[in-house]
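For reference, the structure discussed in these notes is given below.
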Amino acid sequence: MKQYDAIILGAGAAGLMAAIVAGQRGKRVLLIDHADEPGKKILISGGGRCNFTNLHTAPDRYLSANPHFMKSALARYTARDFLDLVEGHAIAWHEKTLGQLFCDGSAKQIVAMLWEECAAGGVDLWLGHPATVERRDGFAITCGARTASAPRLVLATGGPSIPKMGATGFAYDIARSWGLKIVEPRPALVPLTLAGDDLLFRSLSGVAAPVVATAERGPAFGEAALFTHRGLSGPAILQVSSYWRSGESIGIDFIPDAPANWLAEAKRQDPRKPVRRMVEQALPARLAETLCDRLAIDGLIGGISDRVLAGAEQQLRRWRFTPNGSEGFAKAEVTIGGISTAELSSQSLEAKRVPGLFVIGEAVDVTGWLGGYNFQWAWASGVACGEAL
Ligand SMILES: Cc1cc2nc3c(=O)[nH]c(=O)nc-3n(C[C@H](O)[C@H](O)[C@H](O)COP(=O)(O)OP(=O)(O)OC[C@H]3O[C@@H](n4cnc5c(N)ncnc54)[C@H](O)[C@@H]3O)c2cc1C
């Protein structure tokens, strides 16, 4: 049985980062993944270009039962720190929008960079076999025909979102078996599905529009919404999905850029214009038509009373959908919930009740907004842990 200072389960974003930091501090580190290569989710992230961080990273862009938990790790390893690493490897990058940083080239460059840094720290990598773990004077691991042990074990196996990419609930199973609490995991950053009266909107599949979307609780997100054959998607919807609970509605402002009393004013300026043409100026034509059908407004704008126009405008600003569900873990970019932060030190991510056990990345009940925030949590929690191993 090979002896290490630390064994890290999961060679994803968080596990690779913890391995780099501990390895480069001179620790003997074994990194294990059941996939056939490290960083598979990184490779498909950001449409293959990896949205590797966000310049606006701040604790209020994360969801957790304890909104303070992530503060320490995020303050100690910032978006700028990760950018320094990226630039140190001469990887070209750009800001796409809203502080979101992407590779100009490919996400493969990020995985290659992380692996190069691991190699510089002398990290061993075992791939292709699931591991079984036992607590025995530290932690003993069996992985295929090989065995290893260490006084420290890191759970970095992520959450159950996108199982076809190798995601599992492994971290939860281990944590539960050792008595750690789990905050109920739910799919997040996920498309929402529509039924009932809203089925009509499915015929708009493929139509996108800039909106401001809001869940019943949580902030407003001004980004694009996309109609799909099952319901609603696009960045604005993915963002609100993290705050949405079954049975609740979401609100959409379809005309966020229109000034107040837009329709009444338009009537005064051009009463002979069909109201639908007017709405089409603010929205894609098919969407404008569907919304006007639902609002039962038609004909020349001059023939419609100011009261009806004001009511229609209000509705366009506060359209309510009540999704009947989401597309689930199969399509969720991340998992909300996970191993309770109450079980972990916010400084080192070590389990309070199981000394030597650490949990990092998405397995922890910390979930970021869309836009590079989840990787920044993976890097930051990986660094905090790597420094403590
Ligand atoms: C399609 C998609 C696109 C995304 N794009 C972005 C983006 O652009 N920016 C962003 O910030 N976030 C993005 N995310 C979210 C981001 O990928 C995750 O938040 C992040 O990867 C979490 O890092 P992690 O290391 O905790 O888990 P992961 O990266 O999921 O790594 C976990 C690792 O553990 C391994 N594993 C699982 N179970 C076992 C087991 N039993 N034994 C051994 N190994 C195991 C897995 O194979 C995997 O390699 C995206 C997610 C998806 C699904």
Side-chain angles (χ1 to χ4, degrees), residues 7-19 30-54 57 61-63 79 82 93 96 98-103 106-107 110-111 114-115 125-133 141-144 153-174 187-191 235 238 242 327 329-336 338-339 349 358-383 385:
I7 298 173
I8 301 173
L9 293 179
L16 283 159
M17 192 52 117
L30 171 62
L31 184 58
I32 295 179
D33 204 293
H34 64 174
D36 52 7
E37 58 182 328
K40 273 197 151 174
K41 252 190 206 173
I42 301 173
L43 294 174
I44 59 158
S45 68
R49 289 224 161 93
C50 187
N51 177 193
F52 53 79
T53 192
N54 194 298
T57 298
R61 276 128 203 256
Y62 291 84
L63 294 88
F82 192 76
W93 59 274
K96 195 169 168 192
L98 303 170
Q100 302 169 3
L101 305 191
F102 285 75
C103 299
S106 155
I110 298 292
V111 177
L114 295 168
W115 182 244
L125 179 65
W126 292 359
L127 292 173
H129 295 283
T132 53
V133 185
I141 304 286
T142 306
C143 188
L153 178 72
V154 183
L155 294 178
T157 50
S161 44
I162 321 261
K164 73 170 195 266
M165 289 302 304
T168 65
F170 180 82
Y172 306 159
D173 298 341
I174 297 274
L189 301 182
V190 65
L238 298 181
S242 300
E327 293 197 26
F329 285 117
K331 292 282 166 66
E333 213 162 275
V334 288
T335 305
I336 229 164
I339 296 171
L349 287 298
F358 296 73
V359 191
I360 56 175
E362 199 180 320
V364 181
D365 171 32
V366 172
T367 308
W369 286 3
L370 184 78
Y373 297 100
N374 284 296
F375 278 139
Q376 188 57 36
W377 166 247
W379 316 135
S381 59
V383 169
C385 164

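Each ligand, and each atom within it, is numbered from 1 in the order the structure gives. Start at 1 with the first residue, then count along the sequence. Note that the structure is a prediction, hence the values are computed from the model and not measured.
Using a 4.0 Å cut-off between heavy atoms, Ile162 contacts ligand 1 through its side chain alone, with no backbone atom that close. Of all the heavy atoms of Phe170, the ones lying under 4.0 Å from any atom of ligand 1 belong exclusively to the side chain. Residue Val334 touches ligand 1 through its side chain alone, judged by heavy-atom distances below 4.0 Å.
Ile8 CD1 to Asp33 CG: the interatomic distance, rounded to the nearest 0.5 Å, is 11.5 Å.
Partners of Phe82 according to the ring-ring contact (aromatic ring centres under 6.0 Å, His included) rule, which considers only residues two or more places apart in sequence or in another chain, are Phe52, Trp379.
For residues 44-53, every residue pair satisfying the side chain to side chain donor-acceptor pair (under 3.5 Å) rule, not counting sequence neighbours, is listed here: Thr53-Gln376.
Of the options Gly338, Gly10, Ala13, Ala171, the smallest heavy-atom separation from atom 23 (O) of ligand 1 is shown by Ala13. For atom 27 (O) of ligand 1, the nearest non-hydrogen atom from the set Gly158, Gly382, Ala188 belongs to Gly158. Taking each of Trp377, Trp379, Phe375 in turn, the one with a heavy atom nearest to atom 17 (O) of ligand 1 proves to be Phe375.
Of all protein heavy atoms, the one lying nearest to atom 50 (C) of ligand 1 is Glu333 CG, 3.3 Å. Of all protein heavy atoms, the one lying nearest to atom 31 (O) of ligand 1 is Gly12 CA, 3.3 Å.
Using a 4.0 angstrom heavy-atom cutoff, Asp33 counts as in contact with ligand 1.
Counting atoms of ligand 1 from 1 in the listed order, those under 4.0 Å from a heavy atom of Glu362 are 18 (C), 19 (O), 20 (C), 22 (C), 26 (O). For ligand 1, the atoms sitting less than 4.0 Å from at least one non-hydrogen atom of Ala156 are 32 (C), 33 (C), 34 (O), numbered in the order shown with element in parentheses.
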